[in-house]
Amino acid sequence: MLDPKFIRENPDVVKAACRKKRIDVDVDRWLALDSESREIKRSVESLKAEQNLRSKEMPKLPPDGKLALRGELKILSDRVAEGEARIKLLDPEIDGLMLRIPNIPAPEVPEGKDDTENVEVRRVGTPRQFTFAPKDHVELGTSLDLLDTERAARIAGSRSYFLKNEGALLELAVLRFALDHMVASGFTPMIVPHIVSEEAMRGTAYLPGGEEQAYQLTRDDGWLIGTSEVPVTAYRGGEILNVAELPIKMAGWSSCYRREAGTYGKDTRGIYRIHQFMKVEQVILCKNDPEESKKFHAEIVAHAETILQKLELPYRIVNVCGGDLGRPQIQKFDIETWMPSRQGYGETHSASRFHEFQARRLNLRYRDADGTVRFCHTLNNTVIASPRILIPLLENHQNEDGSVTIPECLRPYMNGRTVINGRR
RNA sequence: GGAGAGGUGGCAGAGUGGUCGAAUGCGGCGGUUUGCUAAACCGUUGUUCUGGGGUAAUCCCGGUACCGGGGGUUCGAAUCCCCCCCUCUCCGCCA
């Protein structure tokens, strides 16, 4: 959510943001309704002031005086009710529009309609030249008995999987390795609720708009999280933090659930696009300072890069263009890891900065050194998401004999094993 | 799932229709005292929106709303009524 004052004072900037992000919201409608509602609120407020003032006389009056005053106050009260009825009519539409008005993208966000126009920032590592015909992760996973998607489809439907044997262990290893890196970097590890309230979903800006992507509970209230960003960012919502607590750095661990509606026929092979996965997510709450936000954005990108480098995986970073940027982000860098079976880079990480967009919705504030209450800035990035990361891990590290070498950083988490070869 | 109790400021805890943004205590902040610390004493102590004034900024004056959330009764609601949510205790079921 943007500062309403900002929208009133900079409608053209807001409209330009809508255009750059390819988001259709009637900003003028919001401006008109907002101005009408505010005018009514001002008049209701002054009526209430009068009402309160005159009501103070009431207890002191004799019975007949009370009766007369009641008559007068009733008129005031009716006018207040009238105004409030108008407001009650206007405000839901104002709020509804407000939730759809996007955050302003940074100037350095490239112009573009969709992910094909994202701009590569840099590449790190060189995709391996195979001297044999490499298998894809499904072939590797099946032949080494790490993965079963066929039976999963029978048990759980499409976009499901079983991880088995070293596949299961490898997932836990890579997650734990990633989490340990974050803890060593000063992040608080968090195991979080997977079912959250609608408020938490709205607060992190997944709603409205993300209804199609998220699983909603029907018997009870609640939504399954698509990322631990939701509970972790919302964790301190509604609070006024002490500035000394900032920055707050947290690493959320959770399963993630995504409906993947509208993706039929896309990425159907293997475990690239699935309904449920595990993720460690890094979240930072910091001061309301664009420079600081930007610094932490670089930091969370760097954490992800370090992990990919230790996993010995080539990757590239792209600056996500306006049309591919979500409503709440100021800027987003996607990290894409080399996946031999795709003969290309596939998204494995997504690092966003939001400024106060989420914090406003979550009412997440802090008291600055000068006593002023301000909204925090929020940021987040993937640390590792599995099993998607198993795709490059298995494919890049495969050997001609069909085995897979375990990168050194994961061996301590795999009981010292160096290779997955199906023998156990 | 059944029965009961309760949700008030950072915390504890009064307040059952008007003078209540709310007693009191603790905590926090400022000060006095002190060689320092503690104690004691004095003062202060939230947020929202809004009108006006002022600054580099903190700010000042007025109004409004906020006592779990929503609705209602009333001239007027923390206080009365209805619905919902949450917490606690006991019972049942159960990983």
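Naming convention: chains lettered A, B, ... in sequence-line order (proteins, then strands); numbering from 1 in each chain. Basis for what follows: all heavy atoms, side chains included, without hydrogens, waters or symmetry-related copies.
Across the P atoms, B:C41 and B:G25 are found 11 Å apart, a figure rounded to whole Å. The P atoms of B:U33 and B:C26 are separated by 23 Å, rounded to the nearest whole Å. Comparing the P positions of B:C81 and B:C20 gives an interatomic distance of 23 Å, to the nearest angstrom. Comparing the C1' positions of B:U74 and B:G18 gives a spacing of 12 Å, expressed to the nearest Å. Nucleotides B:C85 and B:C42 place their P atoms 48 Å apart, quoted to the nearest Å. With P as the reference atom, B:C80 and B:G15 are 12 Å apart, rounded to whole Å. The same atom, P, is picked in B:C49 and in B:A65; the two are 15 Å apart, to the nearest Å. A gap of 35 Å separates the P atoms of B:G71 and B:U58, to the nearest Å.
A 3.5 Å limit on both hydrogen-bonding distances identifies B:A40 as the Watson-Crick or G-U partner of B:U32. Using N1 to N3 plus N6-O4 or O6-N4 for Watson-Crick, or N1-O2 and O6-N3 for G-U wobble, each under 3.5 Å, B:G62 pairs with B:U50. The partner of B:C67 cannot be assigned: no Watson-Crick or G-U wobble pair with both contacts below 3.5 Å exists in any strand. B:C26 and B:G10 make up a base pair, with Watson-Crick or G-U wobble contacts both under 3.5 Å. Shown here, B:U19 forms no base pair; nothing in the strands shown gives a Watson-Crick or G-U wobble contact with both key distances under 3.5 Å. The pairing partner recorded for B:A5 is B:U87, the criterion being a Watson-Crick or G-U wobble arrangement whose two distances lie under 3.5 angstrom. Across all strands shown, B:U55 has no partner, as no Watson-Crick or G-U wobble contact with both distances under 3.5 Å is found. Pairing for B:A77 is absent, judged as Watson-Crick or G-U wobble with the two contacts each under 3.5 Å.
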Give every pair of a protein N or O atom and an N or O atom of nucleotides 72-75 of chain B that lie under 3.5 Å apart, one pair per line with the distance.
from	atom 1	to	atom 2	distance (Å)
B:C75	O3'	A:S77	OG	3.4

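Here A:E39 contributes atom CD and A:I87 contributes atom CD1; the two are 11.0 Å apart, rounded to the nearest 0.5 Å. The structure places CG of A:L224 at 9.5 Å from NE2 of A:H194, a figure rounded to the nearest 0.5 Å. Within the model, atoms OG1 of A:T405 and NE2 of A:H397 stand 8.0 Å from one another, a figure rounded to the nearest 0.5 Å.
At a threshold of 4.0 angstrom between heavy atoms, the contacts of A:N52 are confined to the sugar-phosphate backbone, with no base atom among them.
When the C1' atom of B:G76 is taken as reference, atom CD1 of A:I75 falls 16 Å away, rounded to whole Å. One atom, CG of A:D95, and another, P of B:G70, lie 13 Å apart when rounded to the nearest Å. Separating the CG atom of A:D220 from the C1' atom of B:C86 is a distance of 15 Å, rounded to the nearest angstrom. Here B:G10 presents its C1' atom at 13 Å from CG of A:L241, a figure rounded to the nearest Å. The CD atom of A:E199 sits 13 Å away from the C1' atom of B:C84 (whole-angstrom rounding). Rounded to whole Å, the distance from CD on A:E50 to P on B:G76 is 14 Å.
Looking at A:E245 and A:Y366, their side chains never come closer than 4.5 Å, going by heavy atoms from C-beta outward. Contact of the A:I155 side chain with the A:F162 side chain is registered, since non-hydrogen atoms from C-beta on lie closer than 4.5 Å. Looking only at side-chain heavy atoms (C-beta outward), A:I384 and A:L311 come within less than 4.5 Å of each other. In this structure, A:R258 and A:T227 have side chains that are in contact, with non-hydrogen atoms separated by less than 4.5 Å.
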Q | Base versus backbone protein contacts along nucleotides 43-62 of chain B [heavy-atom cut-off under 4.0 Å; B, S, -] | A | ---SSSBSS------S----

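Taking A:R342 as the reference, A:D267, A:Y272, A:M339 meet the side chain to side chain contact (heavy atoms under 4.5 Å, CB included) condition, with sequence neighbours excluded.
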(Q) Does A:K295 form a side-chain contact (heavy atoms from CB on, under 4.5 Å) with A:E291? I'd like the steps, not just the answer. (A) CA-CA 6 Å; A:K295 185 186 88 188; A:E291 285 311 307; over 6 Å; no

(Q) side-chain contact (heavy atoms from CB on, under 4.5 Å), that's the test. Do A:K48 and A:V80 meet it? Break it down for me. (A) CA-CA 7 Å; A:K48 280 190 174 174; A:V80 167; 3.9 Å; yes

Q: Decide yes or no on side-chain contact (heavy atoms from CB on, under 4.5 Å) for A:E139 and A:S143, but give the supporting numbers first.
A: CA-CA 6 Å; A:E139 296 169 309; A:S143 64; 5.7 Å; no

